[in-house]
Structures are given as structure tokens and as C-alpha cells.
Protein chains: 2
Amino acid sequence: MRMNPAAENNDRQQLGERLNAGGFRFTSQRRCVYDVLLNKRDHPTADEVFMRAKKGMPEISHATVYNCLDALVECGLARQVHLQRGAARFCPNMEEHCHYYCDACGEVFDVTLPADGAMMPKPRGFKVDHYDIAVHGLCAACAKKK
Amino acid sequence: MRMNPAAENNDRQQLGERLNAGGFRFTSQRRCVYDVLLNKRDHPTADEVFMRAKKGMPEISHATVYNCLDALVECGLARQVHLQRGAARFCPNMEEHCHYYCDACGEVFDVTLPADGAMMPKPRGFKVDHYDIAVHGLCAACAKKK
DNA sequence: TCCTTATTTAGAATTATTCCAAATCTTGAC
DNA sequence: GTCAAGATTTGGAATAATTCTAAATAAGGA
Ligand SMILES: [Mn+2]
Ligand SMILES: [Mn+2]
Ligand SMILES: [Zn+2]
Ligand SMILES: [Zn+2]
């Protein structure tokens with residue numbers, strides 16, 4: 001699930017352009033938040049992003065982290081994921097993928113989809129923006145414990 | 001999307017048994033909340049269920065509605081759905097189905113799936129409990145307005 | 001009926017997110 | 001580089017959604 005170093009570099013360089021294309025300015029806070037997402041791809045909540053971001057930028061505020069995450073989602077650099085009651089999670093993997101979620105320990109991982117929404121029914125008049133597919137259950141480790 | 005009257009009747013009669021099977025007691029509040037879900041299948045939030053339930057049972061409390069909804073989910077009579085930031089929604093349709101969600105007006109509707117999760121990848125060791133599939137976009141009415 | 005235990009209730013507490021207004025930063029024009 | 005305009009950041013207050021608490025009540029079995 002980890003992309004190669006060259007592609008990741010590219011990701012970072014393109015941040016400014018992508019923000020501009022979405023009508024946003026480049027700021028050090030947005031770079032910091034984006035780097036947090038890229039560095040550990042475990043689908044952190046906004047609060048987890050906040051705590052990680054503070055390590056490199058101790059003055060960053062809670063509100064800013066929400067603002068930055070929203071901006072990243074808006075300009076197509078991250079996805080917001082709603083897997084359960086409670087905090088939303090964030091994911092910088094923009095490939096078509098679905099989420100496997102362990103209801104016992106909360107682990108989340110990406111699985112790239114073999115085919116996209118082609119097999120989905122298309123109700124008349126509905127204009128599809130994106131699919132949100134989650135698989136709930138027990139991860140290998142938690143399944144073994146039972 | 002509406003089931004026939006006989007099936008709906010059956011639904012209501014079986015409430016007691018299903019609660020018992022899940023280790024819950026039958027209460028008038030649980031019947032009331034379940035009836036709210038059955039009567040208008042528009043995927044209400046807990047707060048919407050609360051307001052509708054109060055019409056027939058003015059003394060019912062907020063906490064009880066949450067308790068009842070949890071019990072119904074636990075014993076397999078309703079699903080909890082997380083479509084967006086904010087309140088969870090509830091659905092008494094226990095057939096395998098996915099949700100089409102209008103990001104403009106918030107409308108939700110069920111579409112029965114042609115095939116279930118057979119095409120989904122099965123990561124080694126992961127024990128699947130259920131699939132949660134949402135399609136985001138614009139409903140026919142909202143798509144026309146743009 | 002009586003007892004035990006689950007459930008309900010109102011309100012307080014907690015969690016997650018959004019709003020606010022003042023201070024600061026980014027960008028483009030000069 | 002300087003400056004102005006507007007976007008962004010900040011800390012804290014406000015709001016929304018849900019969970020917790022402890023006392024009162026109701027359900028179901030003996
Ligand atoms: Mn992901
Ligand atoms: Mn549904
Ligand atoms: Zn697990
Ligand atoms: Zn709509």
C-alpha cells in the first residue's frame with residue numbers, strides 16, 4: 001500500500017500546484033498536514049493528525065488542522081472516510097480503493113478495487129460523484145483471538 | 001422500496017421474539033422506535049426518530065431513543081448508516097442493499113444489490129461481517145437544478 | 001404477588017466539529 | 001522590496017451528536 005519514493009516526492013512537489021488549482025494558497029500548515037497524511041497511512045482522525053502535526057509545528061492549532069484537511073479534500077489530495085460513529089478519518093490514497101475496517105481494534109486498510117463502480121445499478125437521473133465502500137469485520141489478528 | 005402490508009405486519013409481530021433472542025426485553029419504547037423506522041423509511045437520524053416518536057409517546061427521552069436504536073441494531077432489526085460528517089442514520093431494511101446519497105439535499109435511498117460482496121477481494125485472515133456501500137452524488141432533482 | 005434485573009428518564013458530561021474575531025501571512029501590483 | 005487586499009491561522013467559545021449517571025420505573029420469572 002506504500003507508494004515508491006519518487007512518486008511520494010512528486011506528491012509533495014505538486015502540493016502547491018494542486019492547492020492553487022483548487023483556489024487555495026500554499027501555506028506551511030497545509031504542507032505539514034499533508035506530510036502527516038503521507039508519512040503514516042493509517043487513516044488518522046483529525047485529532048490524531050493534530051497531535052502528529054504538532055511534533056514538527058508546535059504552534060499549529062486544532063482549527064487549522066480541520067481547515068487544512070478540508071482544503072486537501074476539496075482539491076482532491078485526500079479523502080475523508082466515515083467508517084463508524086465518531087471521528088472522521090483521512091486518507092491520502094486517491095486511487096480507487098475500498099476500506100477494510102476492524103470493528104474490534106479499529107484498524108483500517110486500503111484494498112485497491114479490481115473494477116470500479118461499473119457493476120453498480122444506475123438509478124435514473126442520479127449523477128454519481130464517487131463510491132464509498134467499506135468492509136466491516138475482524139482483522140486477522142483480532143479474528144485469531146476469538 | 002416499501003414492503004407489502006402482510007410482511008410489515010409480520011415485522012411488527014416478530015419484534016418481541018427478535019428482542020428476546022438478542023437478550024433484550026420487549027418495551028413499549030422499543031416498539032415505538034421500531035414503528036417510527038418502519039413507517040417512514042427515509043433513513044432518519046436519531047434526533048429525527050426522537051421527534052417522530054414523541055408524537056405517539058410524548059414522554060420518551062432522547063437517551064431512550066439512542067438505547068432503543070442500539071438494541072434494534074444489535075438484534076438485527078435495523079442498520080446504522082454513516083454517510084457523512086454528522087449524525088448517523090437508521091434503516092430497517094435488512095436486505096443486502098447500498099445507499100445512494102445526494103450530497104446536495106441529503107436524500108438517501110436504498111438500492112438492492114444485484115450480487116453481494118462476492119466480487120470483493122478477501123484479504124488473508126480478515127473475517128468479513130458486512131459490507132457498507134454508499135454512492136455519493138446528486139439525486140435526479142438536484143442534478144436537474146445545475 | 002414479590003424479587004431481581006433491565007430499562008427509562010432528565011440532565012450533566014464528553015466528543016467531534018464549527019464558528020468567531022483579531023493577528024498574521026501570502027500573493028500580486030507597483 | 002514595499003504595500004494593500006484578501007486568505008489563513010489562532011485560541012477559545014459555541015454547537016452538534018452521543019454517551020454517561022444515578023434515581024425511578026417496568027418487565028418477567030419464581
Ligand atoms: Mn484509504
Ligand atoms: Mn437503507
Ligand atoms: Zn483488529
Ligand atoms: Zn438532492
Side-chain angles (χ1 to χ4, degrees), chain A residues 15-36 43-54 56-75 77-90 103 106 108, chain B residues 15-36 43-54 56-75 77-90 106:
Chain A
L15 174 56
E17 297 171 30
R18 292 300 223 95
L19 284 168
N20 288 159
F24 296 100
R25 291 183 176 172
F26 174 90
T27 67
S28 58
Q29 288 86 349
R30 284 173 180 160
R31 151 149 289 158
C32 169
V33 165
Y34 189 44
D35 285 348
V36 165
H43 300 81
T45 63
D47 204 60
E48 287 165 339
V49 172
F50 176 55
M51 292 188 295
R52 293 175 198 176
K54 277 205 292 199
M57 185 177 266
E59 355 53 67
I60 197 170
S61 84
H62 218 184
T64 296
V65 169
Y66 277 97
N67 167 339
C68 292
L69 289 169
D70 283 350
L72 294 173
V73 170
E74 278 271 316
C75 64
L77 288 164
R79 285 176 59 177
Q80 190 175 29
V81 189
H82 304 281
L83 290 165
Q84 82 293 93
R85 216 174 242 191
R89 294 158 171 277
F90 294 86
D103 290 303
V108 185
Chain B
L15 174 57
E17 296 171 31
R18 292 299 223 95
L19 283 168
N20 288 160
F24 296 100
R25 288 181 179 172
F26 173 90
T27 68
S28 58
Q29 289 86 349
R30 284 172 181 162
R31 151 149 290 156
C32 170
V33 165
Y34 188 45
D35 285 347
V36 165
H43 300 80
T45 63
D47 203 59
E48 287 165 340
V49 173
F50 175 54
M51 293 187 295
R52 293 175 197 177
K54 275 204 292 197
M57 185 177 266
E59 355 54 67
I60 198 170
S61 82
H62 218 185
T64 297
V65 169
Y66 277 97
N67 166 339
C68 293
L69 289 169
D70 283 350
L72 293 173
V73 170
E74 278 270 317
C75 63
L77 288 165
R79 284 176 59 178
Q80 190 176 29
V81 188
H82 303 283
L83 290 165
Q84 82 294 91
R85 215 176 243 191
R89 293 156 171 279
F90 294 86

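Source: prediction; values computed, not measured. Sequence lines set the chain letters: A, B, ... in the order given, protein chains first and strands last, and positions in each chain run from 1. All heavy atoms count here, side chains included; hydrogens, waters and symmetry mates do not.
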Next on the checklist: Using 0.5 Å steps for rounding, measure from the CG atom of B:Leu15 to the CZ atom of B:Phe26.
Outcome noted: 5.5 Å
Checklist entry - Between C:dA6 atom C1' and B:Glu74 atom CD, what is the distance in whole Å? => result 15 Å
Next on the checklist: Rounded to whole Å, please give me the gap between CD in A:Glu48 and P in C:dT15.
Outcome noted: 14 Å
Checklist entry - Which distance, rounded to the nearest 0.5 Å, do you find between the CD of B:Gln80 and the CZ of B:Arg89? => result 12.5 Å
Checklist entry - Within the structure, does a side-chain N or O atom of A:Arg25 lie under 4.0 Å from either OP1 or OP2 of D:dT9? => result no
Checklist entry - Between D:dT8 atom C1' and A:Leu19 atom CG, what is the distance in whole Å? => result 12 Å
Item to check | Whole-Å distance separating the CZ atom of B:Arg31 from the C1' atom of C:dT7 | outcome: 17 Å
Checklist entry - Given side chains that start at C-beta, do those of B:His43 and B:Phe90 come closer than 4.5 Å, heavy atoms only? => result no
Checklist entry - How far does CD1 of B:Ile60 sit from CG of B:Asn67, to the nearest 0.5 angstrom? => result 9.5 Å
Item to check | Length of the NZ-C1' vector between B:Lys54 and C:dT9, whole Å | outcome: 13 Å
Checklist entry - Does the side chain of B:Thr27 get closer than 4.0 angstrom to OP1 or OP2 of C:dA6 through an N or O atom? => result no
Next on the checklist: Looking at D:dT8, I'd like to know if its phosphate oxygens (OP1 or OP2) sit under 4.0 Å from a side-chain N or O belonging to A:Thr64.
Outcome noted: no
Item to check | Gap separating the CZ atom of B:Phe24 from the SG atom of B:Cys68, nearest 0.5 angstrom | outcome: 10.0 Å
Checklist entry - Below 4.0 angstrom from OP1 or OP2 of D:dA26, is there any side-chain N or O of B:Gln29? => result no
Next on the checklist: Quick check for you: to the nearest 0.5 Å, what is the distance between B:Arg18 atom CZ and B:Leu72 atom CG?
Outcome noted: 10.5 Å
Checklist entry - A:Glu48 versus A:Thr45: any side-chain heavy-atom pair under 4.5 Å? => result yes
Checklist entry - What is the bend of the helix from C:dT1-D:dA30 to C:dC30-D:dG1 when you compare the axis at one end with the axis at the other, using five pairs each and rounding to 10°? => result 40°
Checklist entry - Just how far, in rounded Å, is P of C:dT8 from CD of B:Glu59? => result 12 Å
Checklist entry - Base, backbone or nothing for each nucleotide of nucleotides 12-20 of chain D, written B, S, -, heavy atoms under 4.0 angstrom, 5' to 3'? => result B----SBBB
Checklist entry - What is the distance, rounded to the nearest whole Å, between atom CG of A:Leu15 and atom P of C:dT26? => result 13 Å
Next on the checklist: What is the distance, to the nearest angstrom, from the CD1 atom on B:Ile60 to the P atom on C:dT7?
Outcome noted: 14 Å
Item to check | Sidechain-backbone polar pair: B:Arg30 side chain, B:Arg25 backbone, donor-acceptor under 3.5 Å | outcome: yes
Next on the checklist: Tell me whether the side-chain N/O atoms of B:Asn67 come closer than 4.0 Å to OP1 or OP2 in C:dT8.
Outcome noted: yes
Checklist entry - How about A:Asp47 and A:His62: do any of their side-chain heavy atoms sit closer than 4.5 Å? => result yes
